[in-house]
Amino acid sequence: MKPLAGKVALVAGATRAAGRGIAVELGAAGATVYVTGRTTRSRQSEMNRPETIEETAELVDKAGGRGIAVPVDHLDPEQVRALVERIEREQGALHILVNDIWGQHGEPDWDKTVWESSLESGLRLLELGVNTHAITSHFALPLLIRTPVGLVVEMTDGTNEYNASNYRVSFFYDVAKGAVSRMAFALAHELKQYDAAAVLLTPGWLRSEAMLDGFGVREENWRDATEKVPHFAISESPSYVGRAVAALAGDPDVRRWNGKSTSSGELAQLYGFTDLDGSRPDAWRYIVEVEGAGKPADTTGYR
């Protein structure tokens with residue numbers, strides 16, 4: 001038996017990167033997974049990337065689950081309402097919600113103050129990276145709480161501990177990640193009485209499609225990029241954080257994680273899963289103890 005057989009998941013923002021990895025690994029564990037996003041085979045979003053939600057759904061099927069691609073702009077309440085009504089009509093329940101929608105496209109405004117940053121791009125980032133999570137939770141959670149031991153995963157970049165003392169990229173990026181962190185905290189408070197859990201989860205240095213393209217490598221030869229950026233040796237595939245979500249979703253005592261901030265690396269140590277290459281990269285510990293400390297790249301003891 002697959003541990004998530006009979007479970008229904010919604011991965012909001014599953015077109016690529018972490019969202020795709022999560023959807024596929026939930027499928028590998030037997031779940032029915034609704035995968036949403038704005039890029040389809042007939043229409044492309046402002047991200048201007050080739051990946052589509054149909055491809056993600058097919059990968060879920062190939063992994064052993066059931067993938068259902070639904071084009072959704074999560075800034076449009078009526079589209080999200082219709083999505084949840086469809087899930088209720090077709091499945092009768094929702095057990096797992098992953099809020100993975102993000103609004104960064106192109107190069108971020110590294111180390112730019114609020115007055116140096118593009119106001120238009122910054123506000124758009126907040127809309128896509130924050131408002132979408134709130135809208136999706138508003139409509140999806142009434143269905144999720146009907147079944148005990150529901151799970152909500154708020155995806156972010158960086159643990160609470162790390163982000164509390166480190167400026168993250170730029171004003172708008174920092175604010176967006178801080179807002180998602182607080183969302184997980186608030187949802188944990190609101191879900192506790194319904195026997196459900198909200199968890200804040202971060203991958204490490206993610207080998208997303210865009211990241212690989214930026215380095216001019218593929219997943220098969222990603223280590224070649226360490227010649228330019230040695231610390232990239234701690235990076236992880238999207239499957240790794242996907243396995244983290246699947247492990248949480250399959251834990252009958254997942255409520256112990258309610259309100260907590262964690263990472264793929266931490267969960268790998270606890271649940272025993274690995275990345276595609278059999279390793280267990282612990283990126284956030286590495287970032288603090290090696291990269292942040294100015295030490296040469298050396299993943300010994302960190303993957």
| Is the shortest heavy-atom distance from the side chain of Trp284 to the side chain of Glu161 under 4.5 Å? | no
| Within the distance-only criterion (no hydrogens, no angle test), does the side chain of Asp275 pair as donor or acceptor with the backbone N or O of Ser237 below 3.5 angstrom? | yes
| Expected output: side-chain Ser181 to main-chain Lys177 donor-acceptor under 3.5 Å | no
| said: Is there a path of hydrophobic side-chain contacts, each under 4.5 Å between heavy atoms of I/L/V/M/F/W/Y residues, joining Val175 to Trp115? | reply: yes
| request: With the side chain counted from C-beta on, respond yes when Gln91 and Ile68 share a heavy-atom pair under 4.5 Å apart, and no when they do not. | output: yes
| said: Counting C-beta onward and ignoring hydrogens, is there a side-chain heavy-atom pair between Val11 and Val245 closer than 4.5 Å? | reply: no
| said: Quick one, Val180 with Leu200, criterion side-chain contact (heavy atoms from CB on, under 4.5 Å). Give me CA distance, side-chain angles, the key distance, then yes/no. | reply: CA-CA 8 Å; Val180 170; Leu200 184 70; 4.0 Å; yes
| query | Under 3.5 Å, is there a donor-acceptor pair between the Thr39 and Ser45 side chains? | reply | yes
| request: Calculate, to the nearest 0.5 Å, the distance between atoms OG and CD belonging to Ser239 and Glu219 respectively. | output: 7.5 Å
| Between Ser264 and Glu236, is any side-chain donor less than 3.5 angstrom from a side-chain acceptor? | yes
| query | Considering only heavy atoms from C-beta outward, does the side chain of Tyr271 approach that of Asp251 to under 4.5 Å? | reply | yes
| Out of curiosity, Arg280 CZ to Leu270 CG, how far, rounded to the nearest 0.5 Å? | 10.5 Å
| query | When rounded to the nearest 0.5 angstrom, what distance separates CG in Asp282 from CG in Leu267? | reply | 10.5 Å
| Does the Gln44 side chain pair with the main chain of Arg49, one donor and one acceptor, at a distance under 3.5 Å? | yes
| message | Main chain of Thr274, side chain of Arg243: is a donor-acceptor contact present, judged purely on distance under 3.5 Å? | response | yes
| request: Evaluate the ring planes of Trp222 and Phe232, with Trp represented by its six-membered ring, and classify them as parallel (under 30°), tilted (30 to 60°) or perpendicular (over 60°). | output: perpendicular
| Who pairs with Thr262 by side-chain hydrogen bond (donor to acceptor under 3.5 Å, both in side chains), at least two apart in sequence or on another chain? | Glu266
| task | Using a 4.5 Å cut-off on heavy atoms from C-beta on, say whether the side chain of Val70 contacts that of Ile53. | result | no
| Would you say the side-chain atoms of Glu209 pair up with the backbone N or O of Ala17, donor to acceptor, closer than 3.5 Å? | yes
| said: Using 30° and 60° as the class boundaries, would you call the ring planes of Tyr302 and Tyr286 parallel, tilted or perpendicular? | reply: perpendicular
| task | To the nearest 0.5 Å, tell me how far Leu212 CG sits from Leu206 CG. | result | 8.5 Å
| note | Between Asn163 and Asp157 the two heavy atoms that sit nearest each other are ND2-O, 3.0 Å
| message | Counting C-beta onward and ignoring hydrogens, is there a side-chain heavy-atom pair between Arg207 and Ser235 closer than 4.5 Å? | response | yes
| Would you say the side chain of His189 lies within less than 4.5 Å of the side chain of Phe185, judging by non-hydrogen atoms? | no
| field | Within one Ile-Leu-Val-Met-Phe-Trp-Tyr cluster: Val153 and Val8, side-chain cutoff 4.5 Å | value | no
| Heavy atoms, side chains only, cut-off 4.5 Å: are Thr113 and Phe171 in contact? | no
| Checking side-chain contact (heavy atoms from CB on, under 4.5 Å) against Val35, which of Thr56, Val24, Thr15 comes through? | Thr56
| query | Knowing that exactly one of Ile101, Thr52, Val72, Asp73 qualifies, which makes a side-chain contact (heavy atoms from CB on, under 4.5 Å) with Arg38? | reply | Asp73
